[in-house]
Visitor: 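If you scroll down you'll find the structure; I have some questions about it.
All heavy atoms count here, side chains included; hydrogens, waters and symmetry mates do not. Chain letters run A, B, ... following the sequence lines, proteins first and then strands; every chain starts at 1.
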Amino acid sequence: MALPLLFFAAFFGYPVAAIVTRGLHQGGGWQFGRIGDVLGDAGIRHVLWFTCWQAAASTALTLLAALPGAYVFARLDFPGRRLLRAIVTVPFVLPTVVAGSAFLALLGRDGFTDSLFGVRLDTSVWAILIAHVFFNYAVVVRTVGGLWAQLDPAQEEAARMLGAGRLAAWRRVTLPALGPSVAAAALMVFLFTFTSFGVIQILGGPTYSTLEVEIYRQTAEIFDLPTAAVLTLLQLAAVVAILAVHAWTVRRRESALRLVDPALTAHRPRGAAERTLLGAVLAVIALLILLPLGVLVVRSFDTPGGYGLAFYRALGSTDGGTFSVAPWETVGNSLRFAAVATVIALTVGGLAAAALVRRAGRLVRGFDALLMLPLGTSAVTIGFGFLIALDKPPLDLRDSWLLVPLAQALVGAPFVMRVMLPVLRAVDERLREAAAVLGASPWRVWREVELPLVSRAVAIAAGFAFAVSLGEFGATVFIARPDDPTLPVAVARLLGRAGALNYGQAMALSTVLMLVCAASLLVLESLRTTGSGEL
Amino acid sequence: MRTTSRRAAGALALAAAAATVLAACGSDSPDKGKDKAGSGGSKTVTLVSHDSFAASKSVLAQFTKETGYTVKVLRGGDAGAAVNQAILTKDHPRGDVFFGVDNTLLSRALDNGLFTPYAAKDLGQVPADVQLDAAGHRVTPIDSGDVCVNYDRAYFTAHHLAPPQTFADLVKPAYKNLLVTENVSTSSPGLAFLLGSAATYGDGGWQGYWKQLKSNGVEVVDSWEQAYNDRFSGSSAGKQAKGDRPLVVSYASSPPAEVIGVTPEPAQSPVGVSTGTCFRQIEFAGLLHGAKNTAGGRALIDFMLSKAFQQDMPLQMYVDPVREDAVEPPVFVKYGTKIDHPTTLAPAKIAAKRDDWVGAWNSIVLK
């Protein structure tokens, strides 16, 4: 408990407080008057309203699209299941500017849907909502699916034997068990879309704005720190309110469940209903996720001299002009940062989740919400906060490479906690007690009783934290540091230059990012199956 | 395809495993980094810049050979964000030299006392009109670039239409619904284009000009990347993305950039420049106030004005050298356009008017 708290205080509370204070404490006095000014502004109120409703709509749409997917990935066994599950997570790590462009090519003017059905989605709010589903599909599939795969189907079958209909059995038995993880997924999607930045800018055009976009403009372009500080507080207050509502609705819903090996619950699709469902889910994935990703891959081969590998070859050269290192080397940087960030996030998030399960006092419950705050805080606030807060011993980290994984872990840790909490809570307390009564030390109880049961959750959480870190762009780009750009930062730099070669290299590097992400997730998940028992 | 991806996955698995091992025993690496800096503190000079800074390895190695100093580069965000970071950390600067403040942000940096005066060695080779702080020498001009409307040559040839050349041309009916530009509050070329129109039509006239542009169907997007890579029909990226706007606010250096890496070499770039629509941006470097290595910082500023660095810049950052005797690379000579009479505005005027103008532009164009 102490470690996560310390981590949170040092790398979130302190930097954000520092930058907000810098904004509001100027000329020797507090400028609380600014709060009133900003809140009184009709434009800001409109931005707040749009931020809220688009996030709510995006969350609802994402749940609607992805819950069937969560079921299919958890319970049905079909060829390519693991690969596909890794691929649906890819959009999550792609820079929005890249994915957004591919998205528009399909859904915008002269795109796939335009030429086939005459449906155009650019510069409408629909483009924003659908892109949010594209980016966050994996959040639902992985959070909910992770638990779903481990629920014992025998319970639902028992209910049906006792006379309940298929739907009733599902509603009475499975749904309550899944409730907390659905709520957790919804919360994360909501926080992500609430703080949406790139999607809004690219697909919404200049007329749509979220609080996050406003905070960026006020901090990085206009340099009006007082207004940025007020907006940051406003966004934090909104996030706290959301977390409070969430805590209130799921309180006490989590119950001990019988968890089983996911390998035992999945089965080949049986009957017409299951096959139709599988087909529908695969169609949605193909249209929504595989097609846009395919566009990027095609572009990475589409050189001025015909299809070829020229852009990939250019990635290995330092003479292309853009970098003092070959773009290819950013793969190593990204993997290194993401691995360190994942270790930090697993430690902090895992310890926090364990502490929350053991001691359910009111204070501890509050901490649960606290750890989610970074997800609802703008990247530029965190990035600038790091720069002005972590510049003195003992925390003189401004020039350290650790700054990047620390910022990334801040976003990864809440995922770890959210994925692990429902599973940890589901572990039957009696198992733990029985082991303790039989004389096992707390460490041994954890190792031999809990770890095997939660190892799948750990793998999913690690995969999430890794993907978050691979794709993190906002905070990373604002932390100026010795020149070791990550993959998304390198893609952004290439896109910022004119010319076929730069654009082509950006597409090739994005394709590499997809491969790295999918491969890492496959590796992380296979580590679990080979070593879970003995760890 | 299948085997390649499998092999790639195998290699990546190894890499991931190696990275994890590195991570596990990596807790001592930050100290190692510190040792290096500590033992050779005076041998390292730190350059703080924006994300577009670039220089060839060989040129930086030449600096080390000539002076004994190694350059460490810190980059963070776009030009605006980088300047703001430097101001936020000015009491405890993160490096010795800052590069990348341009004439649109210069007053903000100078008013905040970011720099210590230093007159660079080769200033005599730099024309007086780009030395915007000639009296104080707090900043040294390093490069210049022109934000101009670019046009898609193929489109105008196919439509037997002469491409527009001036601000006044852009509001003519012949060019209706052809131009895409950037949001002035989120994009620096967007802001430069607004400043260019203000310099041309004056404080009282530019608003009327933008009303005309708007009724002539100007499209506004948030970033240069979107305007140039997605909406513009003349760039190779825009062609792939099926962009349908043959006019875009971009840079005078975009035409040579479009032909780099293209084989065989085309006779002319697919992109042209409307030379009467340009606004000049000048980028400066300065010695940071409170720098630890002032001697190294001065040497670095001198080096940035040296012929070697100046001649390296065009292909690295797509900007023009400020040194009069610098020779441009052949691709710039062949495909580039020299802008003889760009518009420009005094930094103090930009600082004074910027917020009002951006606000007014928002209500004219976006609402």
Visitor: I344(A) versus chain B, heavy atoms under 4.5 Å apart: side chain, backbone, both or neither?
Guide: neither
Visitor: Count the heavy atoms belonging to other residues, nucleotides or ligands that lie under 6.0 Å from NZ of K90(B), then report whether that count exceeds 12.
Guide: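 Yes, NZ of K90(B) has more than 12 neighbouring heavy atoms, counting only those of other groups under 6.0 Å.
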Visitor: Return the option, out of V221(B), I87(B), N229(B), with the maximum number of heavy-atom pairs under 4.5 Å with chain A.
Guide: N229(B)
Visitor: Heavy-atom cut-off 4.5 Å, strictly under: side chain, backbone, both or neither for P304(A) against chain B?
Guide: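 For P304(A), side-chain heavy atoms alone lie under 4.5 Å from chain B.
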Visitor: Starting at CD1 of I388(A), measure out to CG of L88(B) and round the result to the nearest 0.5 Å.
Guide: 6.0 Å
Visitor: Mind checking the CD-CG spacing from E221(A) to D78(B)? Nearest 0.5 Å is all I need.
Guide: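 Answer rounded to 0.5 Å: 4.5 Å.
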Visitor: Do D222(B) and I202(A) come within less than 4.5 Å of each other through their side chains, counting heavy atoms only?
Guide: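 Heavy-atom side-chain distance check fails, nothing below 4.5 Å.
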Visitor: G499(A) and S236(B): which non-hydrogen atoms are nearest, and at how many Å?
Guide: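 Between these two residues, the closest heavy atoms are C-OG, 4.1 Å.
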Visitor: In terms of heavy-atom proximity below 4.5 Å to chain B, should L397(A) be classed as side chain, backbone, both, or neither?
Guide: neither
Visitor: Checking side chain to side chain contact (heavy atoms under 4.5 Å, CB included) for the pair V477(A)/R75(B): CA distance, chi angles, key distance, verdict?
Guide: CA-CA 8 Å; V477(A) 81; R75(B) 311 180 226 218; over 6 Å; no
Visitor: Report which part of T219(A) has an atom under 4.5 Å of a heavy atom belonging to chain B: side chain, backbone, both, or neither.
Guide: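 T219(A) touches chain B through backbone heavy atoms alone.
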Visitor: Are D391(A) and T89(B) packed together at the side-chain level, in the sense that at least one heavy-atom pair is separated by less than 4.5 angstrom?
Guide: no
Visitor: So which part of R217(A) gets closer than 4.5 Å to some heavy atom of chain B, the side chain, the backbone, both or neither?
Guide: side chain
Visitor: Short question: side chain of D302(A), backbone of Q240(B) - any donor-acceptor pair under 3.5 Å?
Guide: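 Side chain of D302(A) to backbone of Q240(B), a donor-acceptor pair under 3.5 Å: no, none is there.
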Visitor: Heavy-atom cut-off 4.5 Å, strictly under: side chain, backbone, both or neither for N183(B) against chain A?
Guide: side chain
Visitor: Would you say Y318(B) and N502(A) are linked by a side-chain donor-acceptor pair, where the criterion is simply a distance under 3.5 Å?
Guide: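 N502(A) vs Y318(B): donor-acceptor pair found between side chains.
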Visitor: State the CD1-CZ distance between I222(A) and R108(B), to the nearest 0.5 angstrom.
Guide: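 If I round to the nearest 0.5 Å, the distance is 8.5 Å.
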Visitor: Go through the atoms of V220(B) and report whether side chain, backbone, both or neither lie under 4.5 Å from a heavy atom of chain A.
Guide: both
Visitor: Out of curiosity, E225(B) CD to L495(A) CG, how far, rounded to the nearest 0.5 Å?
Guide: 6.5 Å
Visitor: Can you tell me which portion of T207(A) sits under 4.5 Å from chain B's heavy atoms? Options are side chain, backbone, both or neither.
Guide: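 Interface part for T207(A): side chain.
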Visitor: Any sub-3.5 Å donor-acceptor pair from R497(A)'s side-chain atoms to Q316(B)'s backbone N or O?
Guide: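 The answer is yes, because a donor-acceptor pair under 3.5 Å joins these two groups.
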Visitor: Let me know if S235(B) has heavy atoms under 4.5 Å from chain A in its side chain, its backbone, both or neither.
Guide: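 Contact with chain A involves no heavy atom of S235(B) at all.
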Visitor: Name the member of A338(A), G496(A), A102(A) that forms the most heavy-atom pairs with chain B at distances under 4.5 Å.
Guide: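 Option with the top pair count is G496(A).
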Visitor: When heavy-atom pairs shorter than 4.5 Å are enumerated against chain B, which of Y503(A), F223(A), Y216(A) gives the highest number?
Guide: F223(A)
Visitor: Does the side chain of N84(B) come within less than 4.5 Å of F384(A)'s, by heavy atoms?
Guide: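 They are in side-chain contact.
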Visitor: Given the options K239(B), K242(B), Q226(B), H50(B), which has more heavy-atom pairs under 4.5 Å with chain A than any of the others?
Guide: Q226(B)
Visitor: Among G77(B), P270(B), G80(B), S185(B), which residue forms the greatest number of heavy-atom pairs with chain A at distances under 4.5 Å?
Guide: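 Winner by heavy-atom pair count: S185(B).
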Visitor: Of all residues at least two apart in sequence or in a different chain, which pass the side-chain hydrogen bond (donor to acceptor under 3.5 Å, both in side chains) check with E182(B)?
Guide: none
